[in-house]
Structures are given as structure tokens and as C-alpha cells.
Amino acid sequence: MSRFAFACLLLGACTLTHDDPPPPTPTSSMIEVATYPAIPTSKLDILFQVDNSPSVADVQQAFVGALPDFLAAIDVNGRPDLHIGVVNSDLGTSASTTPPAPALGNRAGEGFAGNLQVSNAPVSGTFISDVSVEGPVGRNVNYTGDLVSALGTMLKVGAVGCGFEQQLRATREALDGNSNNAGFARSDANLLVVVLTDEDDCSVRDSAMFQASAELGTVQSFRCTRFGVTCDQPLDSEGTKTNCRPDEASAYVDGIQSYTDFFSSLRGDRARTAVAVIAAPPTPFAVELRTLAGTHTSELALAHGCDWEGSTGPEVGDPGVRLAALTDQLQSHGLFHTVCQQNQRQHAREIVNLANQMAGIACLDTRAVDATLCDVTVDGASGTRKIPACDGAATDCFELVTDAAACPTTVDNTRLVTHLSSPTSDEYVRVSCSQR
């Protein structure tokens, strides 16, 4: 049975005659909408990467305000076995390929070095552990009080960190064999990374970025733009820039592809890691002259991309070109939301869809894709096989259902469910649908 005919039966809304045109078929507009292990796990590691540079206290508070929605969405199908950690963006004057530069103000060395922070939360250890156990207790936790309060305290990492925010490198430092974070990242758990920031990533490749230089200009964060981003127009002059993207050939700032590769391979398959970013949109993008604080000197600077009214007053965000590129490259396991609003509750709920997807709950946004035109395959050591729509005969098949409990944030609560008779631990389900 065709996917179109299957949808007709499911919806009870159409009939086929010999005069009908042939059903639509997938085209080159097919996009990946879900990827998940064939045998789901209930273990979930969540790492919050929280910008701690000056001016981000309101960004932190906005997401803290959304925590009840975030955790309620996590719990909707039963609370998974959770590890939750927080790391900030301050890596001092260090770089990925050279020794740290001399101290810059009160920034020096490796900064917080990607170490997990609890920020005086009532937590025993360096991260939250909330896992199920047999017996009357039900859960084994290492914090006192409720989870919303404990995590809310952890997310308030302060706003006195380095203004050269190294969000992606600090996240990699936290996850890539950091002995100070032992026990947090579990090889058999799915991983969700959530980045909270009002500026773009500046993962420094060469520590010369922190030193005075005629070539690099004034030691200010515009260096991150000049040497981390490339556009169709030069960045050493004022004006609007177009087609801005990460500069993969930069000698001073890490390329984004290396971080895409890192996240995709961290759990053996990209289906078990997801990254959500809350930052300023990548456009509009412009360079302007700005007077440096405490001086009468004007220097080139990245124009703010958005502004909003925060809980403590006006706030601004700078275009997140590099972070948006990362989430684009991660396809269905990347999500970008705007920081440019105080209410982050809807964003928080939608971020949980990434975690649920890794657990086998594939919610489809039918505003963006045609759910009646989906291809489903299973990849494993034995190869790739295509999974048909369920027709009452196939033992391995998929179907579309309405599931408001599992998919509350999508417009019509559409969920794609796969039925596999003998899944194996090395197999992964891949779902692609026609883009509207």
C-alpha cells in the first residue's frame, strides 16, 4: 500500500478512483526529521552550556523561569534516569592549539576549564543525579528539595566571565575525558546539550586572540566576528553583510565542522546526541562603528541583532552565525531558538522534543513537512533496510498516530511510531519526510 493510500485510510478523508492523479512521491525536498536507536534507553544526560560573560544574568533567569515547563515535558512519559550538569563559557585565555596567553584583566589560564559547576545548589557532587531504583523509594537523588529549585540555582552561573565566550570548546572540554567531571557522561545514555547565550561562539584556536596585535586590532570581542565568521562582504568595514557563515579556514578561531563531528560521534551514532541553542538569530548581520566604553575612541563592532525587554531592563543579542550553523549541520538533532524574548517556556518544551526523539518518540511538525510522505529506514551492522507503512501484514512497519501526551508542542500532535519485531542494539531508525 502506498504512503498516500495509507494516510487516506488513517484519516478516513479521501478515496482513490481510476481518474485520480497518481499519489505524490518524495522529491529532492526530503529532509531528515528524526533519528533514534531502534532499542530506546531511559537514560538521559543533559548538559547546560551557560554563558557567564557580562550581561547574561537575564538570559539565565529567563530559562530558569521556564524550568517547570522543561522538566514537566521531560516527565510526560515518565521521568528518565537523569544526570544534569552545568558548564560555563569561560576558558580564560586558553586556546585549542596553543598554550594560554598572558592574563587579560582577571582572565588567565584555562578559566573554568570545562569543569561542571553547581553554583551553591543543594547538590552532593558536581552534577544532579536522579535515577530510578527498585523498592519503595522509587528514585535515588543527590539533591535536597525539588528538582526545579536545585537546577534553577545551578543555572545561575553569574555574569563575570570572559567576554570571549568559548561555548563549544568549553562543552567539548566538559565531555571529552575531563576527570573532574567523572561519572557525569554515561556511555549508555542519550545526551542533550542546551546552550544559553546572547552572543556567538568564539572557540579560540590560537591564544594570540587575547594579545595586542596590529593585525588583529583592539583586544575586544569583535575579533571573534572578524576571524570566526566570513561573509560575502569584507568585515573590516561598516555595513550590512550577507551570506555570513563560519570561517572554517580561520587561523584564530576553531571551525564549526570539528564540533559537528565531535557531537555526532560522541555516542557512537549521531542519533544519541542532540544540541539545542538559545541565542540571537544569525540575521540581520551588520558591522558598525561603536564608541568603546570609558573612551572617546570608536572601533568596528558587530551590530546587535535583536533587542527585548528583560526582567531587569532592555537586553540585546548579537547574531549567532556559528551556533546556528552547528544546529543546521546536526539536522534533526539540532535546534535553534531565539534568545530575544523573556518568555522561554515554549522553547523549553520544544527542546525536550529532541530528548524524546532520542528515546524513540518522533513528533512531526506537519507545518514544515508532509507526514504522509515519509521514508523510514533502519541502519545497522547488517546494512540498511526500508520500513513500509503498516498495512496489517508487515511485521516491521511504521504508522502515524495522534499522541497529544507525547507530542504536546506540535500543531496536531502527530507522532510517527515504528514497530520492529527484532531490533538489535546496533540499529538506528532514520526518518525523512517531504518538506512543505
Side-chain angles (χ1 to χ4, degrees), residues 32-48 70-85 116 127-135 137-142 147 151 171 174-177 181-194 262-276 330-335 349-364 376-382 384 387 396 398 401 403 405-407 415-431:
E32 178 187 284
V33 296
T35 305
Y36 49 89
I39 300 178
T41 177
S42 63
K43 295 182 179 181
L44 176 63
D45 297 337
I46 305 175
L47 179 64
F48 285 94
F70 180 83
L71 293 173
I74 288 286
D75 290 346
V76 72
N77 298 292
R79 179 168 293 182
D81 283 356
L82 288 174
H83 281 186
I84 307 177
L116 297 177
F127 58 89
I128 285 174
S129 178
D130 187 333
V131 300
S132 60
V133 293
E134 294 183 2
V137 175
R139 306 289 296 187
N140 186 7
V141 303
N142 70 337
L147 182 54
L151 181 53
T171 302
L175 294 169
D176 196 12
N181 300 338
F184 168 70
R186 298 166 292 179
S187 61
D188 58 346
N190 295 327
L191 172 66
L192 173 65
V193 175
V194 182
F262 171 74
F263 288 121
S264 296
S265 62
L266 195 56
R267 288 291 187 270
D269 190 282
R270 60 192 173 90
R272 297 182 55 223
T273 301
V275 179
L330 290 172
Q331 300 182 67
S332 66
H333 282 244
L335 180 67
R349 291 191 294 266
E350 292 179 1
I351 287 171
V352 176
N353 285 344
L354 289 181
N356 289 342
Q357 180 195 141
M358 292 186 288
I361 302 171
C363 301
L364 303 186
V376 180
T377 61
V378 173
D379 298 342
S382 60
T384 299
I387 304 300
D396 287 3
F398 74 91
V401 301
D403 190 340
C407 302
R415 176 181 174 185
L416 186 145
V417 179
T418 51
H419 302 281
L420 302 177
S421 57
S422 301
T424 60
S425 59
D426 71 303
E427 290 183 324
Y428 295 88
V429 177
R430 321 283 190 193
V431 182

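In this text, all values refer to a predicted model and were calculated from it rather than measured experimentally.
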* **Candidate pair Asn190 and Thr273, rule side-chain contact (heavy atoms from CB on, under 4.5 Å), full reasoning** => CA-CA 6 Å; Asn190 295 327; Thr273 301; over 6 Å; no
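- When the side-chain contact (heavy atoms from CB on, under 4.5 Å) test is applied to Ser332, the partners found at least two apart in sequence or on another chain are Glu32, Thr35, Gln357.
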* To do: Would you please test Lys43 and Asp188 for side-chain contact (heavy atoms from CB on, under 4.5 Å) and show each step?
  => CA-CA 7 Å; Lys43 295 182 179 181; Asp188 58 346; 2.7 Å; yes
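- Counting only heavy atoms from C-beta outward, the side chains of Asn356 and Cys363 never approach each other to under 4.5 Å.
- Considering only residues two or more places apart in sequence or on other chains, Ser425 meets the side-chain contact (heavy atoms from CB on, under 4.5 Å) condition with none of them.
- The shortest distance between side-chain heavy atoms of Val378 and Ile387 falls below 4.5 Å.
- With sequence neighbours excluded, the residues satisfying salt bridge (Lys or Arg N to Asp or Glu O under 4.0 Å) with Arg79 are Asp75, Asp130.
- Between Leu147 and Leu82, some side-chain heavy-atom pair lies under the 4.5 Å cut-off.
- With sequence neighbours excluded, the residues forming a ring-ring contact (aromatic ring centres under 6.0 Å, His included) with Phe70 are Phe48, Phe63, listed by chain and number.
- In this structure, CG on Leu416 lies 10.0 Å from SG on Cys407, to the nearest 0.5 angstrom.
- For Tyr428, there are no ring-ring contact (aromatic ring centres under 6.0 Å, His included) partners two or more places apart in sequence or in a different chain.
- Residues passing the side chain to side chain donor-acceptor pair (under 3.5 Å) test with Asn181, sequence neighbours excluded: none.
- Side-chain contact check for Val429 versus Leu420: some heavy-atom pair is nearer than 4.5 Å.
- Of the possible donor and acceptor atoms, none in the side chain of Asp81 sits under 3.5 Å from a partner among the backbone N and O of Ser42.
- Contact of the Arg272 side chain with the Pro37 side chain is registered, since non-hydrogen atoms from C-beta on lie closer than 4.5 Å.
- Pairs engaging residues 349-362 under the salt bridge (Lys or Arg N to Asp or Glu O under 4.0 Å) rule: Asp69-Arg349 [sequence neighbours left out].
- For Val76, there are no side-chain contact (heavy atoms from CB on, under 4.5 Å) partners, not counting sequence neighbours.
- Shown here are the salt bridge (Lys or Arg N to Asp or Glu O under 4.0 Å) partners of Asp269, two or more places apart in sequence or in another chain: Arg430.
- Using a 4.5 Å cut-off on side-chain heavy atoms (C-beta onward), Phe263 and Val193 make contact.
- Using modelled atom types, no side-chain atom of Asn140 and backbone atom of Val131 make a donor-acceptor pair closer than 3.5 Å.
- How far CG of Asp403 is from CD1 of Ile361: 7.5 Å, rounded to the nearest 0.5 Å.
- A search for side-chain contact (heavy atoms from CB on, under 4.5 Å) contacts involving Ser265 returns nothing, not counting sequence neighbours.
- Partners of Phe127 by ring-ring contact (aromatic ring centres under 6.0 Å, His included), not counting sequence neighbours, listed by chain and number: His83, Phe184.
- With a 4.5 Å cut-off on side-chain heavy atoms, Met358 and Leu192 count as touching.
- Side chains of Asn142 and Ser129: a donor-acceptor N/O pair is absent below 3.5 angstrom, by distance only.
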* Step by step, would you call Leu191 with Leu44 a side-chain contact (heavy atoms from CB on, under 4.5 Å)? -> CA-CA 6 Å; Leu191 172 66; Leu44 176 63; over 6 Å; no
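- Considering only residues two or more places apart in sequence or on other chains, Ser187 meets the side chain to side chain donor-acceptor pair (under 3.5 Å) condition with none of them.
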* Step by step, would you call Val194 with Leu47 a side-chain contact (heavy atoms from CB on, under 4.5 Å)? -> CA-CA 6 Å; Val194 182; Leu47 179 64; over 6 Å; no
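- Annotation: the span from Leu266 atom CG to Thr171 atom OG1 amounts to 11.0 Å, rounded to 0.5 Å.
- Taking 4.5 Å as the limit, every side-chain heavy atom of Asp45 sits out of range of all side-chain heavy atoms of Ile84.
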